[in-house]
Protein chains: 2
Amino acid sequence: MFPSRTVENYLKAILQAEIALPPEQLLPMGQLAAALGVAPGTATTMMKALAEAGLVRYEPYAGVRLTAPGEKLAALVLRRHRLIEQFLVQVMGMSWAEVHDEAEQLEHAVSERLIERIDDMLGRPQVDPHGDPIPGPEGMVAQREYANLLSCPLKTPVVVVRVTDQGPDFLRFIEDNELKPGRSIEVEHRDAAADAVIVRRDAHRVTIGMRAASKLLVEVV
Amino acid sequence: MFPSRTVENYLKAILQAEIALPPEQLLPMGQLAAALGVAPGTATTMMKALAEAGLVRYEPYAGVRLTAPGEKLAALVLRRHRLIEQFLVQVMGMSWAEVHDEAEQLEHAVSERLIERIDDMLGRPQVDPHGDPIPGPEGMVAQREYANLLSCPLKTPVVVVRVTDQGPDFLRFIEDNELKPGRSIEVEHRDAAADAVIVRRDAHRVTIGMRAASKLLVEVV
DNA sequence: TCATGAATTTTGATGATTCAAAATAAATGA
DNA sequence: TCATTTATTTTGAATCATCAAAATTCATGA
């Protein structure tokens, strides 16, 4: 009965927005509404309801923040989403570019029991196909901070660990250029004027825009 | 956008009820409402809407029947449900007693693409774990008629091919007594007064009630 | 054929989720 | 500070799926 699909989606959207926000800073309603594709007034109404239920702290005209119970629930939705993505790629052999939308639906339909079985079958993975960390059964885990292709050192071997964009087109681009998580690369040069980052992958050279470069998180090896 | 989850459930319920009905005979609203666990008036309202959409033929005070488009849609829901059940048992190693409820949720969440992949992976199975036939991608297939343990010949080897009850308790009973589809048995004796059917399985004897016996469909080998 | 009982439909209402547009509050720049 | 822009909240309304209870229709047996 409780968390309806709709509520689960609101909580998940808030959690994901909060991650990109400094601690304590409230998430404005406009951003939340945009993330969910609903009218601003709709988000306001829902926040009042969620605040009533103790899942968020809502300050009129300022924004929202998940409470501890709200965050736990949201993390469990995210856990289901990411385990399902990993499952669809590993077990069902689907392309990583197409699993996001599928998981978006399935995350609200799978039982606790099935999710645990999936987790087992995958050997309790820590990240999904995009490198996004998978929360444990108890909720969120601490996020490791990674550099991206704009902030990492030049001419130093790094490994792609995460791609922070779920868009199928972007993911296909990354795949076509063999820049998926796990791949070893080096940033050769950055050219702010040209809005370009030149990446070396073995003997090949790939040029990507700075906007795209910021979405590739890497770890210095 | 069309078939909402709710509509899919109505169509599926009608299809399953129609199967147990003589051709042309209308399904009364009371039965439909009971099958879905809704108030009779609710079913009436929904039938008017579905008739409007051309998915059912509705005759006030008489009942409903699926139209060709309605039947096709319903069959596709049933296809998803049964493929998912088979998948959960074969691939995920879940117990056949627990897959029904899971499939009830997932059938509304899986994409066409994922269902085709599941179908592939399973080798295009004809039946689900309960022996229920799986409709093809184009809709319903002709149903084979089977005898049940009340109508099959006595003292003749038969193979269980289908169990027409999804209740976990009943399924566990069937499993515990090793009477799952595929199993070879013989009806030794029927005792109407005792409401009992005595079944021989290899050297063992199992006694089951007539109500239960009617739910075990068999094929004479 | 007619009174009764059972099934079905109608009616009025509710809760969840949403929108568009009006009202209001907050932030901004001169 | 104050007028203006921008963001947020409020308001009024719509849709979907549902219910309980009243009204209606159908079928039955005397």
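Just so we're on the same page: letters track the sequence lines, and every chain starts at 1.
Checking D:dC19, D:dA17, D:dT9 against every side-chain atom of B:Ala39, the shortest atom distance belongs to D:dC19. Of the candidate nucleotides D:dT10, D:dT18, D:dT8, D:dT8 has the atom lying nearest to any side-chain atom of A:Pro28. Proximity note for B:Pro60 (side chain, C-beta onward) versus C:dT9, D:dT18, C:dT18: the nearest is C:dT9. Here the side chain of B:Tyr61 is nearest to one of C:dC19, C:dT8, C:dT17, namely C:dT8. Side-chain proximity of B:Tyr10 to C:dT18, C:dT10, D:dT18: nearest is D:dT18. Ranking C:dT9, C:dT18, C:dA26 by closeness to the A:Met46 side chain, first place goes to C:dT18. Distances from the side chain of A:Thr44 to the nucleotides C:dT8, D:dC19, D:dT10 place D:dT10 closest. Minimum atom distance to the side chain of A:Val38 is reached by C:dT18, of the listed C:dT18, D:dT18, C:dT10. Nearest to the side chain of B:Met29, among C:dT10, C:dT9, C:dT18, sits C:dT9.
Screening A:His100, A:Arg82, A:Gln86, A:Glu85 for a side chain to side chain donor-acceptor pair (under 3.5 Å) with A:His130, the sole residue that qualifies is A:Glu85.
Salt bridge annotation for B:Glu8-B:Arg80: present, with a cationic side-chain nitrogen under 4.0 angstrom from a carboxylate oxygen. A salt bridge is defined here as a Lys NZ or Arg NE, NH1 or NH2 lying under 4.0 Å from an Asp or Glu carboxylate O, and B:Glu59 with B:Arg65 fails to meet this definition.
The nearest whole Å value for the distance from the CG atom in A:Leu26 to the P atom in C:dA26 is 14 Å. A:Leu50 has its CG atom 12 Å from the P atom of C:dA16, to the nearest Å. Atom CG in A:Leu32 sits about 11 Å away from atom P in C:dT18, given to the nearest Å. Rounded to whole Å, the distance from CE on B:Met47 to C1' on C:dT10 is 17 Å. Straight-line distance from the CG atom of A:Leu27 to the C1' atom of D:dT8: 13 Å, rounded to whole Å. As rounded to whole Å, 11 Å separates atom P of D:dT9 from atom CD of A:Glu59. Rounded to whole Å, the distance from CD on A:Glu52 to P on C:dG15 is 14 Å. Distance, A:Leu36 CG to D:dT8 C1': 16 Å, rounded to whole Å.
Residue B:Lys48 places no side-chain N or O under 4.0 Å from the OP1 or OP2 atom of C:dT9. The phosphate of C:dT17 (OP1 or OP2) has a side-chain N or O of A:Ser4 nearer than 4.0 angstrom. Between B:Thr6 and D:dA17, a side-chain N or O to OP1/OP2 separation shorter than 4.0 Å is present.
For residues 207-216 of chain A, the salt bridge (charged side-chain N to carboxylate O under 4.0 Å, His left out) pairs, not counting sequence neighbours, are A:Asp165-A:Lys215. The stretch residues 124-133 of chain A participates, sequence neighbours left out, in these salt bridge (charged side-chain N to carboxylate O under 4.0 Å, His left out) pairs: A:Asp119-A:Arg124, A:Asp120-A:Arg124, A:Asp132-A:Arg162.
Considering only heavy atoms from C-beta on, A:Leu149 stays 4.5 Å or farther from A:Ser214 through its side chain.
Residue-to-nucleotide proximity on DNA chain C shows that, of A:Gly41 and B:Tyr58, the 5′-proximal contact is made by B:Tyr58.
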